[in-house]
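Naming: A, B, ... by sequence-line order, numbering from 1 per chain.
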Protein chains: 2
Amino acid sequence: MTFRPDHQPEPGDATRTRLLDAAERLFAEKGFEHTSVRDITANAGTNVAAVNYHFGGKDNLYREVFHRRLADLRERRISTLADLFESPGGTATLEDVVSTFTSAFLEPLMDHSEGRLLIELIAREMVSPHLPRVVFFEEMIDPVRESLGRALRSVVPGLTEDQASRCVHSIIGQLVHVIHHAQLSEQAGRQPQEELDLHTIADHVTRFSIGGIRAIAGQS
Amino acid sequence: MTFRPDHQPEPGDATRTRLLDAAERLFAEKGFEHTSVRDITANAGTNVAAVNYHFGGKDNLYREVFHRRLADLRERRISTLADLFESPGGTATLEDVVSTFTSAFLEPLMDHSEGRLLIELIAREMVSPHLPRVVFFEEMIDPVRESLGRALRSVVPGLTEDQASRCVHSIIGQLVHVIHHAQLSEQAGRQPQEELDLHTIADHVTRFSIGGIRAIAGQS
DNA sequence: GACAGATTCAAACGAGCGTTTAGAATGAAT
DNA sequence: ATTCATTCTAAACGCTCGTTTGAATCTGTC
């Protein structure tokens, strides 16, 4: 406290940032309903009123937790897929597309970084939404879905738009299920291999989905 | 009222049954957290205290809603799969197993019967559990998973136990995702084709999963 | 050092929740 | 008709929640 004289990080935003961090962690761990404003402010080391002063309510804080990260994540998701088709000159395969997407989805769960919390938040929000549709689905989920659908169609010639869309749902359904399963297992106390296991699971989802897509494309 | 003298249906259980029915519907529609005891008792046409008188609390009522249906459902799920291997003398195919399971899972959603509510309840409970693990997962989910895993292995010779287990997760992940998607779409106001659509989706999940399982089985 | 705005705080508010209670209605048995 | 346990009801209890309030504290400026 005594030293370190002149450059605190973002003078007025310290409390605001601590609130966002605490809220992100607690919402990801326990969900919106089971996280009280008093939980958040206690973890942020501040007063109950701080949430309403800085964000104008619990709902707005929740929205802001997503807002802080969503744009960046969506861009990375989509551009990672787009990169596949630009660099080497159209040599991307179905394997590339599916394994790239699956890895991007599951990798944040393997390292214990901040990225993990966002993935867990998204998995929760997809199942029991608290954000207005336009904020989450229309700005985040739908673009990613469309991007993956387009990528699939470009590497699997026979695939119709509807078929691609349903394949996207099949992939995302598997991935969200994996995340929920991991969350529940962790809550239940056990914390097993995890790292090795998630690689195995990512591999499985990739292979399974590739086989599934080929089967869909190869029908009437 | 005046006539029909001697055989009312279960004299003392009328209120109890109305509570179970109302609770089942509301829990399925809005989830455990967003359904209050006052909601339930108002829909059942009785007093707030009735829940505690007949069930001893909201949690026990929730448990009883499942208890009333789970045993029957689990038996039907497992025996439907088991029937495939008994009647015609082992001619069951992978297509039979997957399409039987998928249909059993999604059909209750197509007719608007009582079965629909239970499926929606299960999808909710799998994602945010309120029952003790032993009641729901160990008595319902795990046996069904094992049953499906065994069925898969018996029609796909190369499949290891771990591979089969992961394929089961892939199938269930897709199906749960479909149900959540249907619930969210319905909540969002629109009520589109539904019936035709669910047949298409069931078909898709079946084909996709068969292709996925074959791909998993055909690897090193 | 005094002022003004921004920030934090302890305390309380009002609403909704699950639950409890005491007593009134009900219905069958004596 | 009286008894008695069962069932139902209106009212309240205690608690947690998100939010508000008004004063205290901090921060930078003249």
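If A/Y53 and A/V48 are placed on DNA chain C by their nearest nucleotide, the residue sitting closer to the 5' end is A/Y53.
Here B/T35 lies in heavy-atom contact (under 4.0 Å) with sugar-phosphate atoms only. Contact annotation for A/A50: no contact, since no heavy-atom pair falls under 4.0 Å across all strands. Contact annotation for A/V51: no contact, since no heavy-atom pair falls under 4.0 Å across all strands.
Evaluation of atom-type donor-acceptor distances gives no pair under 3.5 Å for the side chain of B/R38 against the base of C/dG16.
The side chain of A/T46 lies closest to C/dC9, out of C/dG18, C/dC9, D/dT19. Proximity note for A/A49 (side chain, C-beta onward) versus D/dT21, C/dG18, C/dT21: the nearest is D/dT21. Listed nucleotides: D/dG18, C/dT19, D/dT20. Nearest to the side chain of B/N52: C/dT19.
Close to D/dA10, at under 4.0 Å from its OP1 or OP2, lies a side-chain N or O of B/N47. Using a 4.0 Å cut-off, no side-chain N or O of B/T15 falls inside it from OP1 or OP2 of D/dT7. The phosphate of C/dG16 (OP1 or OP2) has no side-chain N or O of B/S36 nearer than 4.0 angstrom. For C/dT8, one of the phosphate oxygens OP1 or OP2 lies less than 4.0 angstrom from a side-chain nitrogen or oxygen of A/H54.
Closest of all the heavy-atom pairs between A/E138 and A/V134 is OE1-CG2, 3.5 Å.
Counting only distance, with no hydrogens or angles, the side chain of A/T102 and the backbone of A/T206 share no donor-acceptor pair below 3.5 Å.
The side chain to side chain donor-acceptor pair (under 3.5 Å) search around A/H177 returns none, not counting sequence neighbours.
Across A/N43, A/N47, A/V48, a single residue satisfies side chain to side chain contact (heavy atoms under 4.5 Å, CB included) together with A/R38, and that is A/V48.
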